[in-house]
Protein chains: 2
Amino acid sequence: MEEMERAIPRATVGRLPRYLRCLEETDRSTISSSEIATAAGVESAQVRRDLSYLGSIGTRGVGYDVSRLRAQISLLLGLAGPVRVAIIGAGNLGQALAGYAGFGAAGFEVVGLYDKDLRKVGRTVHGQPVHPIDRLEADAGAGLFEIAIIATPAEVAAGIVAKLSNAGVRSILNFAPATVKAPSGVEVRTVDLSTELQILSFYRR
Amino acid sequence: MEEMERAIPRATVGRLPRYLRCLEETDRSTISSSEIATAAGVESAQVRRDLSYLGSIGTRGVGYDVSRLRAQISLLLGLAGPVRVAIIGAGNLGQALAGYAGFGAAGFEVVGLYDKDLRKVGRTVHGQPVHPIDRLEADAGAGLFEIAIIATPAEVAAGIVAKLSNAGVRSILNFAPATVKAPSGVEVRTVDLSTELQILSFYRR
DNA sequence: CTCTGTGAAACACTTCACAGCG
DNA sequence: CGCTGTGAAGTGTTTCACAGAG
């Protein structure tokens with residue numbers, strides 16, 4: 001039997017962070033769907049439909065209570081407590097990510113980097129320890145982090161995804177320019193500069 | 001009257017770069033839809049449907065001619081000649097992007113950075129000149145680049161998008177954590193770390 | 001009277017399944 | 001016979017439009 005009580009569409013999940021940001025930027029205590037819509041760049045009916053999945057509690061004639069709605073969305077996105085993030089690969093990108101101050105503000109906590117190069121292991125990068133890549137699977141299995149960010153060369157990305165998903169990690173952000181098939185139950189989001197530019201190239205002129 | 005001859009679905013455009021990469025990685029001269037599908041992590045029917053929008057020329061019983069197909073996809077994505085890219089914002093991210101070697105390999109050419117800080121203007125970053133931000137609109141209008149990458153603080157992102165689209169730029173990659181509404185006819189793709197992590201947080205456990 | 005929540009319609013995208021070409 | 005190309009069916013998402021709560 002399938003679980004189907006709270007089937008929130010992927011498209012909706014993808015927009016909730018945007019709504020959350022709008023809510024954080026306003027100073028009013030109540031906000032209507034069309035105000036959120038304008039700020040988020042979508043249709044107001046879309047906002048109402050999306051928020052209705054939260055078992056929503058807007059007030060007709062008024063709108064949504066900002067702090068209540070923030071709490072609801074944060075809860076749904078699993079942002080109630082701190083979310084721990086591991087960075088795989090301590091090269092240029094991995095180090096830049098480790099130093100990114102935005103993590104804390106958004107409730108994420110970097111718990112370490114993993115690298116193959118033993119000369120890097122044991123050092124710290126922006127205050128974060130660099131661990132040997134051999135320890136990755138065990139640490140993942142022990143539940144030391146919830147989300148993994150892959151910042152390795154493309155050749156090894158698929159292997160890392162396999163290890164992580166074996167160890168029970170369900171959320172992976174992949175910055176390697178490689179197409180990796182997500183094992184079922186695992187969400188892999190790939191962000192690649194060349195891919196983005198190629199898509200944009202289609203839409204020019 | 002609307003142009004409708006070649007309405008290629010956005011979802012298809014988003015997958016073409018992946019197919020292109022598979023084609024670049026194979027050493028065979030012919031390839032079937034299910035082979036592409038396996039490599040790209042999608043269904044074979046999806047590949048055939050997507051490729052059929054290219055006015056496709058597979059050979060029944062055989063598959064697709066790799067070099068022919070590469071040429072077709074490149075052409076459709078507008079990658080036939082070099083595509084010029086400007087980087088707006090010469091801070092950490094902008095500088096890192098300017099130094100990213102992957103541009104050339106994928107047929108993109110960085111033509112310069114733009115920054116508000118006059119102390120940076122006139123310097124070069126990884127061989128790229130830094131121009132004053134005032135010149136952005138004129139340079140864009142003069143057609144000096146096809147794609148703009150926004151690597152500025154969030155506060156100024158919306159204004160930059162407005163200037164660029166005024167000047168006729170149709171393709172924008174936005175790394176600022178800001179929701180910008182794309183003027184019609186302009187494609188804006190936003191990539192933001194916090195948003196990605198928040199989405200992934202939903203799918204953990 | 002305003003603004004939510006939601007059936008129902010419209011639209012977009014994916015998958016099935018098979019006719020038919022090479 | 002193998003594999004493409006595509007009608008048709010299925011699924012997911014957006015938009016319309018309005019009943020009804022506050």
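Order of the sequence lines sets the chain letters (A, B, ...), proteins ahead of strands, with each chain counted from 1.
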Nucleotide dC3(C), atom P - distance to CZ of Arg28(A) in whole Å: 10 Å
Heavy atoms from other residues, nucleotides or ligands near CG of Asp117(A) exceed 12 (cutoff 6.0 Å): yes
Phosphate contact (dC3(C) OP1 or OP2) by Ser33(A) side-chain N/O below 4.0 Å: no
Between P of dC3(C) and CG of Leu69(A), the distance in whole Å: 16 Å
Sugar-phosphate only, base, or nothing, as touched by Ser44(B) at under 4.0 Å among non-hydrogen atoms: nothing
Nucleotide-resolved protein contact map, nucleotides 7-16 of chain D, B/S/- at heavy-atom distance under 4.0 Å: BB----SSB-
Within 45° cone and under 6.0 Å: Arg10(A) NZ/CZ vs Tyr203(B) ring: yes
Whether Phe145(A) and Tyr114(A) hold their rings parallel, tilted or perpendicular, with breakpoints at 30° and 60°: tilted
Arg205(A), CZ: over 12 other non-hydrogen atoms inside 6.0 angstrom: no
Ile31(A) CD1 - dT2(C) P separation (whole Å): 19 Å
For atom CD1 of Ile36(B) and atom C1' of dC3(D), their distance in whole Å: 12 Å
Protein-nucleotide distance (Leu51(B), atom CG; dG5(D), atom C1'), rounded to Å: 11 Å
Sugar-phosphate only, base, or nothing, as touched by Ile57(B) at under 4.0 Å among non-hydrogen atoms: sugar-phosphate
Residue-phosphate contact under 4.0 Å: Tyr64(B) side-chain N/O, dG2(D) OP1/OP2: no
Nucleotide dC21(C), atom P - distance to CZ of Arg60(B) in whole Å: 7 Å
Verdict with reasoning, Val83(A) to Glu109(A), per side chain to side chain contact (heavy atoms under 4.5 Å, CB included): CA-CA 6 Å; Val83(A) 179; Glu109(A) 184 191 345; over 6 Å; no
Cationic tip of Arg48(B) above Tyr64(B) ring, under 6.0 Å, 45° of axis: no
